[in-house]
Amino acid sequence: MNDTSRTILLQANGLCKDYPVRQGIIPHTVGSIKAVEDVNFALYKGETLGLVGESGSGKSTVGRLLVGLEAPTAGQVLLNGQPLGLQRPRGRGNQGTRLQMVFQDTFSSLNPRKRVGDILTAPMRYHRLVTPKTAWREACRLLEMVGLPAAAYERYPHEFSGGQRQRIGLARALSLKPELIICDEPVSALDVSIQAQILNLIRDLQQEMGLTYLFIGHGLAAVHYVSHRIAVMYLGRIVEIAPAQALFTMPAHPYTKALCDAAPVADPALRGRERTVLAGEIPSSIQPPTGCQFHPRCPHAQALCARVQPQLLPCASLPPDHLTACHFAEALLGKGREDAV
Amino acid sequence: MAQPMVLTAGRESRGYFGTVARRFMRHRLGMVSLCFLTVLVLLALFAPLLTPYEPNKLVGKFSEPPSLQHLLGTDQVGRDVLTRLLYATRISLLVGFAATGIATAVGVVLGLVSGYFGGWVDMIIMRFTDMVMSFPYILLVLVAAAIFKPGLWNIILILGFVDWPGVARLVRGNVLSLRETAFVKADIVAGMPTRHTLFSEILPNTIAPILVYATSVVAISILDEAALSFLGMGVQPPTASLGNMLNGAQSLTVLTSKPWLWAPPGVMIVLLVLSINFIGDALRDAVDSRNIR
């Protein structure tokens, strides 16, 4: 994909989500959890944007904000340049079905009392994408598309394995012909061998149908495999966003570097490589650290980091589509190069 | 595209309720109870064809002991006890099922709404539920029966009204956990209307516990009707009900010397309630998700 052919499908502007913390016998708000803080990004048509981060970094909340399962505290989402009006999908009218979601938990994502065919056709029929007569054919087409036999139509969810259920989940997301599918950790509940199948299916479907994905995950390998660009989140903020390859070869933010180093590499020769290992836990998002939120764990932190919140900006020595939120990204990159030489 | 999947062949695809029915049929006590209850229901339904007597006609001498003409004897005013027993079973079953139907309908709707919408709606409904639950309900029924005229349909309405809170709480609890499942989220993301989420996604998943609970409500309603009629506040004579048949047996001489007046309705109440409770037990085992493969 080159820059000229890119059209922005979805744009998130200053998305914030606070959850009030209520305590006491007479509950009153004593503070708030800032799950998502000032998140900005653009999604281009036909690309996959990976969203990675530790548990509690707010990556799943971003997904839920986009589809309208949660209402943002501040900020807005533009789809094809138009604001996604009301906060709830029911109030979004036609726009609502243009974003669909694939869920992590394959066992709770399909209603155990309904046949697969009914699960697939109910939304299509409600939105009048099919008539009662064509519903069956359309459902079979969807099943075939995700690699399941048409016989699955008559079956109940408990008759399928986790991987097959995730295929059904994908078919359901596809049924409403969405422009964007948000995959919320779609493979983290699956066996490793099945993960690869599902990831390949996700990629194949993108090529066939020109889909756009927001792929949320915590396994770097899986995210890298499907994503064109990757955004790294830490404590509710995006700390780095870059093309997938660049992010791994040239991580500019110390946190990204630590994440890359923490991912296991299947190569014994690299066993002794120098790694940045993070100490401590992700801090509480009720009282996030001042300044750069990563500074208490950052090996390169300086006095400035504790005071000033760094902005997500391009680096001079990196391509313009590589943005990072670190005061010393430039210096650290230079140091990295010297070390390499 | 991935290689085509092979689905487990052979076994016919069964829905949840198919599985439950199969497992229920393997429960011996439950099946015996179900057959027994079916026989009782049929006897009660076809009572007019089975007995030669009218339930409210005087057909013999007072308090006649059992004989070939009157298999269970006659009561204090000379009516056939067996005939009245069949008609009374009819009334008791009607009260049990109708009251349960009302309680379940009210409880399900309030529980669904309360659990799904939460917030102040939940608050109001649940406090109202607590209020109804905390009434000393025999007293409530007595007062209600005194204000409205005691009678069959009033008893049904009153029992229905005091029994719904249990259903409402049960449904609410289930909805609270189901509301968080991914399939409900998927429904919301797909822009489906709330009524579809409530009645097509959530309700089918709570029917099993509701059914189990409802069996115990049937049994309790039958007992309550018997108690009220025994006290004279229930079904009014001359209509026969199991409770007001027992009513005639309040004196010690009847108790000691004329067992055919009180034993048949008493035994009938025990058998009805017992078999309904056994069915409930079997149903509970059959729907228990831990037993489902």
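As the structure is a prediction and not an experimental result, all values here were calculated from the model.
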- Under 3.5 Å: donor-acceptor pair, side chain of A:N111, backbone of B:E201: yes

- Query: In this structure, which one of A:I182, A:N80, A:L66 forms a side chain to side chain contact (heavy atoms under 4.5 Å, CB included) with A:L10?
  - Reply: A:L66

- Message: Heavy-atom pairs under 4.5 Å with chain B: which of A:D118, A:V102, A:L110, A:I119 has the most?
- Response: A:L110

- So, do B:T89 and B:L43 sit near enough that their side-chain heavy atoms are less than 4.5 Å apart? no

- Query: Within residues 162-184 of chain B, which positions have a heavy-atom distance to chain A below 4.5 Å?
  - Reply: B:T181, B:A182, B:F183

- Quick one: do the A:T61 and A:E70 side chains pair a donor with an acceptor below 3.5 Å? no

- Item | Interchain contact, A:A173 with chain B, by part (heavy-atom threshold 4.5 Å) | neither

- Message: Please check: side-chain N/O of B:R90 versus main-chain N/O of B:A44, any donor-acceptor pairing under 3.5 Å?
- Response: yes

- Query: Side chain, backbone, both or neither: which part of A:R172 has an atom under 4.5 Å from a heavy atom of chain B?
  - Reply: side chain

- Message: Would you say that B:P204 contacts A:K114 through its side chain, given a criterion of any heavy-atom pair below 4.5 Å between the two side chains?
- Response: no

- Under 3.5 Å, is there a donor-acceptor pair between the side chain of B:R23 and the main chain of B:D285? yes

